Structures are given as C-alpha cells and as structure tokens.
Amino acid sequence: MVEDNPADVFLLKEALRTHGVQFHLDWFADGEQAAAHIERIAENPNLQLILLDLNLPKVDGKELLARIRSHPMLSGTPVAILTSSDSPQDRADTARLGANCYIQKPPSLDEFLHLGVTLRELLSRQAA
C-alpha cells in the first residue's frame with residue numbers, strides 16, 4: 001500500500017479484518033519510498049495487490065503507476081487506485097496507465113469499512 005495518510009492505512013486494515021480478509025500489508029508513506037523499493041516488491045512471490053493513492057508526496061501516484069506497469073515482474077500485478085479524487089481526468093489517466101480499478105475513498109467510517117468487501121472480491125477474482 002502506498003498511502004501518505006496513516007489514518008487511511010489503519011482504516012483499510014480494519015476494513016480487511018472486519019470482512020475476514022487474510023493479509024500482510026507493506027506500507028510506503030510516499031511515492032519515492034515505494035519507487036525505491038520496486039525491485040524488492042517485484043520479487044515478493046506473495047504479492048497479490050498494490051493499493052495506490054494518487055496524491056502522494058515526492059512521486060505522485062500516476063508516475064508510480066507508470067513505473068509499476070513498466071516493470072516486467074509487476075506488469076500483471078493488480079493495482080487498485082484508492083484516492084480521494086473523483087476527477088474524471090484522474091480516472092481516465094489511471095485506466096490508460098493500467099490500473100485495474102479506481103476506488104474513491106468513502107466519506108464515512110461505515111462506507112470505508114465496506115471497502116473490505118470490495119477488496120476481498122477483487123482478490124478473489126484475481127485468484128480465480
């Protein structure tokens with residue numbers, strides 16, 4: 001997960017736990033930190049999903065998505081955009097860059113916790 005807001009990381013973990021999703025989450029607080037670890041990330045045989053915010057310090061989410069998609073070992077790894085942006089341009093750009101889905105961060109706690117269902121379904125489809 002690449003996310004600069006620790007509260008969102010906490011809420012996402014709670015959403016996954018609430019809906020019975022087994023997970024190990026590596027967290028990078030900015031795009032530069034994640035970009036520096038792309039090789040290590042790519043070599044993880046258990047990597048099932050990359051969660052990526054767009055509004056990141058140092059290296060933004062779109063640039064990081066382009067780097068992920070250009071890496072031979074990560075090109076097929078699912079990337080879910082999880083962002084506060086509802087911009088049609090952001091949606092179009094991330095689709096063009098190869099994001100598998102675009103999820104706008106929910107405004108309420110209940111809706112945020114429901115993300116566990118969405119991510120569980122995304123992981124189930126990927127496993128199938």
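Predicted model only: the values in this text are computed from it and were never measured. Throughout, residue positions are numbered sequentially from 1 according to the sequence presented.
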Could you tell me which non-hydrogen atom of I41 sits nearest to which non-hydrogen atom of A34, and how far apart they are?
CD1-O, 4.0 Å
Pairwise distance CE(M1) to CG(L12) - rounded to 0.5 angstrom:
4.5 Å
When you compare the side chain of K62 with that of L97, does any pair of heavy atoms fall below 4.5 Å?
yes
Going only through I, L, V, M, F, W and Y residues with side-chain contacts under 4.5 Å, is there a path from F112 to V9?
yes
Can you get from I81 to V117 by hopping between Ile, Leu, Val, Met, Phe, Trp and Tyr side chains that sit under 4.5 Å apart?
no
Would you say V79 ends up clustered with L25 if hydrophobic residues are merged whenever their side chains have heavy atoms under 4.5 Å apart, either directly or through other cluster members?
no
Looking at CG of D4 and CZ of F28, how far apart are the two atoms once the value is rounded to the nearest 0.5 Å?
14.5 Å
The single option from L52, L54, L115, T118 passing side-chain contact (heavy atoms from CB on, under 4.5 Å) against L82
L115
How far apart are the closest heavy atoms of A80 and L122, and which atoms are they?
CB-CD2, 4.1 Å
Should F23 and L49 count as side-chain neighbours, where that means a heavy-atom distance under 4.5 Å?
no
With the side chain counted from C-beta on, respond yes when H71 and E39 share a heavy-atom pair under 4.5 Å apart, and no when they do not.
yes
Heavy-atom pair of closest approach, residues R67 and A35
NH1-CB, 2.9 Å
Please say which of T83, L119, L51 ends up in a side-chain contact (heavy atoms from CB on, under 4.5 Å) with I103.
L119
Which atom names give the shortest non-hydrogen contact between D90 and S85, and what distance separates them?
OD2-OG, 2.5 Å
Minimum-distance pair of heavy atoms, taken over all atoms of E3 and N5
OE2-N, 2.9 Å
Checking Q33 side chain against A29 main chain: does a donor-acceptor pair fall under 3.5 Å?
yes
What closest approach, in Å, do L74 and R69 show between heavy atoms, and which atom pair accounts for it?
O-NH1, 3.1 Å
Given the rule in the side chain to side chain contact (heavy atoms under 4.5 Å, CB included) test, do R91 and D86 qualify, once you have shown the distances and angles that lead to the verdict?
CA-CA 8 Å; R91 288 177 183 273; D86 192 28; 3.0 Å; yes
Measuring only between side-chain heavy atoms, which start at C-beta, is E111 closer than 4.5 Å to Q104?
no
Euclidean distance, E32 CD relative to D60 CG, rounded to 0.5 Å:
12.5 Å
Grouping I, L, V, M, F, W and Y whenever their side-chain heavy atoms are under 4.5 Å apart, do W27 and L47 come out in a common cluster?
no
Taking the side chain as every heavy atom from C-beta outward, state whether I68 and L64 have any atom pair closer than 4.5 Å.
yes
Which distance, rounded to the nearest 0.5 Å, do you find between the OG1 of T18 and the NE2 of H114?
12.0 Å
I'd like to check D26 versus H24 (side-chain heavy atoms, cut-off strictly below 4.5 Å). Are they in contact?
yes
Note, D53 side chain near K105 side chain (heavy atom, < 4.5 Å)
yes
